[in-house]
Amino acid sequence: MRTDLAVIGAGPAGLAASLAAAARGVRVALVDAAPEPGGQFHRQPAAGLRARRPEALHHQWRTWIRLRDGLAASSVRLLAEHHVWCVERTSDGLTVHALLGPDEEEPAEVHATAVLLATGGYETVLPFPGWTLPGVVTAGGAQAMLKGGLVVPGPTAVVAGTGPLLLPVATGLAAAGVQVAALVESAGPGRLPRHVRSLAGKFPEGAGYAARLLRHRVPFLARHTVVRAHGDDRLTGVTVAALDAHGRVRPGTERHLPCDTLAVGHGMLPHTDLAEGLGCRLDGLTVAVDGEQRTDVPGVWAAGEATGVGGAALALAEGHIAGRSIAARLRGTAPDPGQWAPAARARARMRRSAAALDAVYAPPARWTDRVTDDTVVCRCEEVTAGAVREALTLGAGDARTVKLLTRAGMGWCQGRMCGPAVAGLAGCGPTPSRRPFARPVPLGVLAEQHTEEGHS
Ligand SMILES: Cc1cc2nc3c(=O)[nH]c(=O)nc-3n(C[C@H](O)[C@H](O)[C@H](O)COP(=O)(O)OP(=O)(O)OC[C@H]3O[C@@H](n4cnc5c(N)ncnc54)[C@H](O)[C@@H]3O)c2cc1C
């Protein structure tokens with residue numbers, strides 16, 4: 001199909017952009033891998049589950065209703081269950097390549113004059129002994145089970161790691177009837193005073209979560225970490241311990257918490273594969289954009305977590321700005337930023353608080369000390385921390401060389417899970433991975449492309 005604008009990602013950023021652009025006469029195709037729009041924050045239960053009160057599991061329900069009803073009333077064409085593996089520049093614009101169907105094998109293409117990358121982010125989980133046991137899930141995964149499947153991962157949970165996502169996960173599980181034995185946060189309150197100004201707007205939200213934790217009697221263990229998950233066939237409990245100011249376990253503070261579920265997360269990383277494939281400039285690990293949310297590749301915009309992790313409200317503001325900018329640029333005019341000044345002010349404020357949250361919730365220092373040699377680091381290729389360390393002694397100085405020597409990062413997820421862990425063990429910061437495709441692509445689909453190109 002041919003359209004003016006292809007938006008990839010139907011989360012808050014993609015929805016806001018689609019509505020803003022369509023309202024200004026742009027033909028929009030909104031492409032998403034999920035069966036329903038909403039993205040991570042507004043993830044909806046499958047229609048077949050007939051949820052009677054889905055709003056009970058959500059924050060900012062009214063925002064979702066506005067987006068959902070706006071989409072239904074708009075001319076935006078929603079292309080659900082389209083898994084985009086690549087966006088390509090062509091002589092007459094941009095081509096979005098997707099795979100359809102449950103097996104993701106049927107190819108589909110969208111030809112567009114402009115593309116907005118609103119692909120969101122994904123969770124980081126750092127390894128520790130026992131983290132591959134059944135019963136250990138990611139914090140966002142536990143929340144996705146609850147919001148999307150209306151199920152809880154188990155009757156007794158510990159929520160652990162670091163970052164603001166742990167708060168809605170712990171309170172959401174507790175409200176759904178899970179006994180949350182503890183929220184274990186490795187960050188301490190020590191860094192907060194330095195960021196009071198930037199975080200002032202977040203305090204009411206934080207107070208709300210604190211009240212909910214109290215109401216559900218969830219113990220909050222700040223500056224603590226899970227040092228080991230226990231169990232033979234599945235999780236039976238975890239050992240938690242207090243951390244000192246240098247991120248080392250304080251001797252004698254270890255204690256055992258029985259649980260059948262550990263929901264764990266250590267922050268988020270942006271999805272940048274499609275942007276990298278297009279040759280967009282990155283700023284560290286995020287897609288670099290200007291004040292209009294334009295990347296440095298003509299015709300390509302980016303908004304939401306792909307340009308920096310900062311929450312659903314920031315994604316909405318960025319999407320709105322991108323949609324208005326795209327509408328003006330496609331008409332061949334320069335947009336007037338004054339028309340989106342309130343959104344730009346909100347964006348600046350929320351980016352400041354996102355940077356402050358990043359500083360407060362840095363992953364625990366010295367976490368690698370607690371990763372035993374037999375701990376699996378790369379789950380796809382079953383590479384242990386010992387094998388990674390051996391590669392380092394052989395002279396590997398970066399994650400790429402470790403990958404070549406051990407196969408860590410060569411499996412199905414292409415290093416999305418193990419990348420930060422391997423970088424941490426190698427003592428270097430995480431770097432963009434440069435994956436040629438955002439998704440695994442059947443060879444038949446690639447061969448078909450080649451044949452078509454040969455004939456044209
Ligand atoms: C697992 C998880 C749980 C979260 N829970 C919370 C929470 O409880 N509270 C909170 O404040 N924040 C939460 N966040 C953060 C929150 O999701 C974001 O702040 C917000 O949703 C970002 O909006 P976005 O539009 O940038 O991306 P998202 O909402 O993540 O939307 C991105 C969309 O892009 C689609 N997509 C990505 N890649 C492709 C591709 N290659 N092809 C097709 N479609 C693609 C995805 O299916 C998704 O629908 C969570 C994040 C994650 C990863």
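Ligands are counted one by one from 1 in listed order, and the atoms in each one are counted from 1 as well. All residue numbers in this chain count up from 1 along the given sequence. For the numbers below, each heavy atom of this structure counts, side chains included, while hydrogens, waters and symmetry mates do not.
The nearest heavy-atom contact from the protein to atom 31 (O) of ligand 1 is G11 CA, 3.5 Å. With hydrogens left out, the protein atom closest to atom 33 (C) of ligand 1 is D32 OD2, 3.5 Å, a heavy atom. Protein heavy atom in closest approach to atom 3 (C) of ligand 1: Q143 OE1, 3.6 Å. Given atom 17 (O) of ligand 1, the protein heavy atom at minimum distance is Q40 CB, 3.0 Å.
For A13, heavy-atom contacts with ligand 1 shorter than 4.0 Å involve the backbone as well as the side chain. When heavy-atom distances to ligand 1 are checked against a 4.0 Å cut-off, H59 has no atom that comes that close, whether in backbone or side chain. For A139, no heavy-atom contact with ligand 1 is shorter than 4.0 Å. By the criterion of a heavy-atom distance under 4.0 Å, the side chain of M268, and not its backbone, is placed next to ligand 1. Residue-level proximity to ligand 1 for D273 is absent, since no heavy atom of it falls below 4.0 angstrom.
When G304, P12, G310, G121 are checked for heavy-atom proximity to atom 23 (O) of ligand 1, P12 turns out nearest. Counting heavy atoms only, F41 comes closest to atom 10 (C) of ligand 1 of the residues F437, Y122, F41. When the options R439, H83, E305 are ranked by their closest heavy atom to atom 45 (C) of ligand 1, first place goes to R439.
Proximity of the aromatic rings of F128 and H266 is defined here by a centroid distance below 6.0 angstrom, and this criterion is not met.
Tested against W367 for a side chain to side chain contact (heavy atoms under 4.5 Å, CB included), the candidates L243, L126, T225, V227 yield a single pass: L126.
For H42, the ring-ring contact (aromatic ring centres under 6.0 Å, His included) partners two or more places apart in sequence, or in a different chain, are W64.
Close contacts of ligand 1 with T119, meaning ligand atoms under 4.0 Å from a residue heavy atom, involve 32 (C), 34 (O), 37 (C), 38 (N), 39 (C). Proximity to L165 (heavy-atom distance under 4.0 Å) selects the following atoms of ligand 1: 4 (C), 5 (N), 6 (C), 7 (C), 8 (O), 13 (C).
The nearest pair of heavy atoms linking P35 to A80 is O-CB, 3.5 Å.
Using a 4.0 Å heavy-atom cutoff, A144 is absent from the residues neighbouring ligand 1.
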